[in-house]
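What follows is a short report on a single structure.
Values in this document were obtained by computation on a predicted structure and should not be read as measured data. Throughout, protein chains are lettered first and strands after them, A, B, ... in sequence-line order, and every chain is numbered starting at 1.
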Protein chains: 2
Amino acid sequence: MRVEFTPDDFQVALATSVVVFGFDGANLQVLIAKKVGMPYEGAIILPSTVVHPNEDVEATARGLVERVTGKQDWPLEQLNAHADVYRNPVGRVVNISFYCLIKLDDELQSNLKKANYRWVNADDVPAMAYDHDSVLEYAKERLKRRVKRRPIGFSLLPKEFTMNQIQRLYECALGKSFDKRNFRRKLLKSALLLETDKMTRATARAKRPSRLYQFDEKKYRTMTLRGYDFVF
Amino acid sequence: MRVEFTPDDFQVALATSVVVFGFDGANLQVLIAKKVGMPYEGAIILPSTVVHPNEDVEATARGLVERVTGKQDWPLEQLNAHADVYRNPVGRVVNISFYCLIKLDDELQSNLKKANYRWVNADDVPAMAYDHDSVLEYAKERLKRRVKRRPIGFSLLPKEFTMNQIQRLYECALGKSFDKRNFRRKLLKSALLLETDKMTRATARAKRPSRLYQFDEKKYRTMTLRGYDFVF
DNA sequence: TCAAAAGTGTTAATCCTACACCCATGC
DNA sequence: GCATGGGTGTAGGATTAACACTTTTGA
């Protein structure tokens, strides 16, 4: 079997886009950007960058996330390569996309305001340029599958969080709702959570304070590596 | 957010490799090839080909599978892109890999003998050139996950097959073994199988003939699209 | 005292697991 | 008649799904 390249074959460029998920306590959010310069000037896109021919794709994507959010957080997960011949008007560009999960906080929010980025509800993302709509669709699909095989939350939730927050997160990620008692029982049985002795008022409207939990980090890591079958 | 390409960025080449799984009734097999020409002359590789700058990646991969096996079969599934800077000594080559599942038959086997391909047991694949070992590892991982979410077998088994064949297939794919009665009950409950009134001798050594089943195609397709949670 | 969200148990149905023997046939 | 794989049922434990009321607090 021959696999021979001619100089003419080295004519493709690389790009990477990142679907950055965040969770604001009520909804899953996605980070979007506004395109500057041609083509698609002013269009909404996913945070994206050129990958130069001597650069590592994942390292470039990681740099992009850090530049945009100021955070280095949980590992990136590679999504499909998007490689349609005419997906980019400037030439053949193969986009290798990733997703990652980061914690939202106020500092992050205000940093973003200065830059040309904003968070939008994951189910309410406006139409984007290139094929970024389908990159996002695929990322949401992958997140759904991921939730059933490995825990999420460590990167998305604050260090201490309430049962309702984590339930809401799972509901957003999977797009359905759960019975409070059953959800609670299942999570506690998994022994993934540690009960703290702190209480908080979950929202301004909530009167009664609720208990805060945190992840058992060791267990969380084990489950992240080994995987499980969570049948929600 | 700017994403601007310079002419220097268009210097990358594309390749695609395919992990072709087959099932011989007893073991999962993978199709491997022998490299002709430099670099890695004579090395074992996955079936691979250059993707020219104006070619669609998936179509090229599909053409590769058809050329090698003479079959056009079940859809290809995209695996990760492999894009390490120095993965190919001739220059920066991004490999977008796929896996597919095809039926083994005798005609196919003898065609292969003429060409430079051969089937090897999926758990016994020799070391390969480039990063094809890790492409294969990832493909096996993906197949495992796939088995739990969608049915397999339609593309891997003959039209009519015995319970033991399909059980053996699932055992190979997941790398563990199941209780005969429990497996049978579960598959029958899924209503994925139609019982035929034919019987066969499964192997030469088997004395008693066993019943043949086929897939309920409509149900199979529904489950392929919708997915399920098979907790084997 | 009322509004709002927090928290809590039980039951019935289903599913999973583990387990061992007889059957039909070819040799 | 015996060796080979084909085929079958059950019981105990675990897991799920569905369900509604009381508690705590701030306003």
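Side-chain to base pairing of Arg181(A) with dA20(D): one donor and one acceptor N or O lie within less than 3.5 Å of each other. Between the side chain of Arg208(A) and the base of dA6(C), at least one donor-acceptor pair of N or O atoms lies under 3.5 Å.
At the phosphate of dA6(C), neither OP1 nor OP2 sits under 4.0 Å from any side-chain N or O atom of Lys207(A). Applying the 4.0 Å criterion to OP1 and OP2 of dG6(D), one finds that Arg211(B) has every side-chain N and O outside that range. Here Lys180(B) does not reach the OP1 or OP2 of dT8(D): none of its side-chain N or O atoms lies under 4.0 Å away. Contact between the side-chain N/O atoms of Arg184(B) and the OP1/OP2 oxygens of dG7(D) is found at a separation under 4.0 Å. A sub-4.0 Å separation between OP1 or OP2 of dG5(D) and a side-chain N or O of Asn164(B) is absent.
The Lys189(A) side chain lies nearest to dT16(D) when the options are dC23(C), dA20(C), dT16(D). Considering only the side chain of Arg201(B), dG26(C) comes nearest among dG7(D), dG26(C), dT16(D).
One can place CZ of Phe178(B) at 12 Å from P of dA18(C), the figure rounded to the nearest angstrom. A straight line from CG of Asp229(B) to P of dC16(C) spans 11 Å, rounded to a whole angstrom. As rounded to whole Å, 12 Å separates atom P of dG9(C) from atom CG of Leu188(A). With rounding to whole Å, Ile166(B) atom CD1 is found 15 Å from dG6(D) atom P. The separation between Arg185(A) atom CZ and dT16(D) atom P is 10 Å, rounded to whole Å. The separation between Phe183(B) atom CZ and dG9(D) atom P is 19 Å, rounded to whole Å. Straight-line distance from the CZ atom of Arg168(A) to the C1' atom of dA5(C): 15 Å, rounded to whole Å.
Both Pro209(A) and Pro209(B) sit near DNA chain D, but only Pro209(B) has its closest nucleotide nearer the 5' end. Of the two residues contacting DNA chain C, namely Lys186(B) and Asn182(A), the nearest-nucleotide position lying further toward the 5' end is that of Asn182(A). Mapping Tyr213(B) and Ala206(B) onto DNA chain D by nearest heavy atom places Ala206(B) at the nucleotide closer to the 5' end.
Salt bridge status for Arg146(B) with Glu141(B): absent, with no side-chain N to carboxylate O gap under 4.0 Å. Salt-bridge check for Lys198(B) with Glu160(B): passed, with a basic side-chain N closer than 4.0 Å to an acidic carboxylate O. A salt bridge links Asp229(B) to Arg149(B): one of the charged nitrogens lies within less than 4.0 Å of a carboxylate oxygen. Here Glu66(B) does not pair with Arg62(B) in a salt bridge; the nearest charged N to carboxylate O distance is not below 4.0 Å.
Backbone-only engagement by Arg205(A) is indicated by non-hydrogen atom pairs under 4.0 Å involving sugar-phosphate atoms exclusively. Nucleic acid contact class of Asp179(A) (heavy atoms, under 4.0 Å, all strands): base.
Checked options Val19(A), Val125(A), Ile32(A), Asn95(A); the residue passing with His132(A) is Asn95(A) (criterion: side-chain contact (heavy atoms from CB on, under 4.5 Å)).
Formation of a donor-acceptor pair under 3.5 Å by the Asp24(B) side chain with backbone atoms of Asn27(B) is found in this model.
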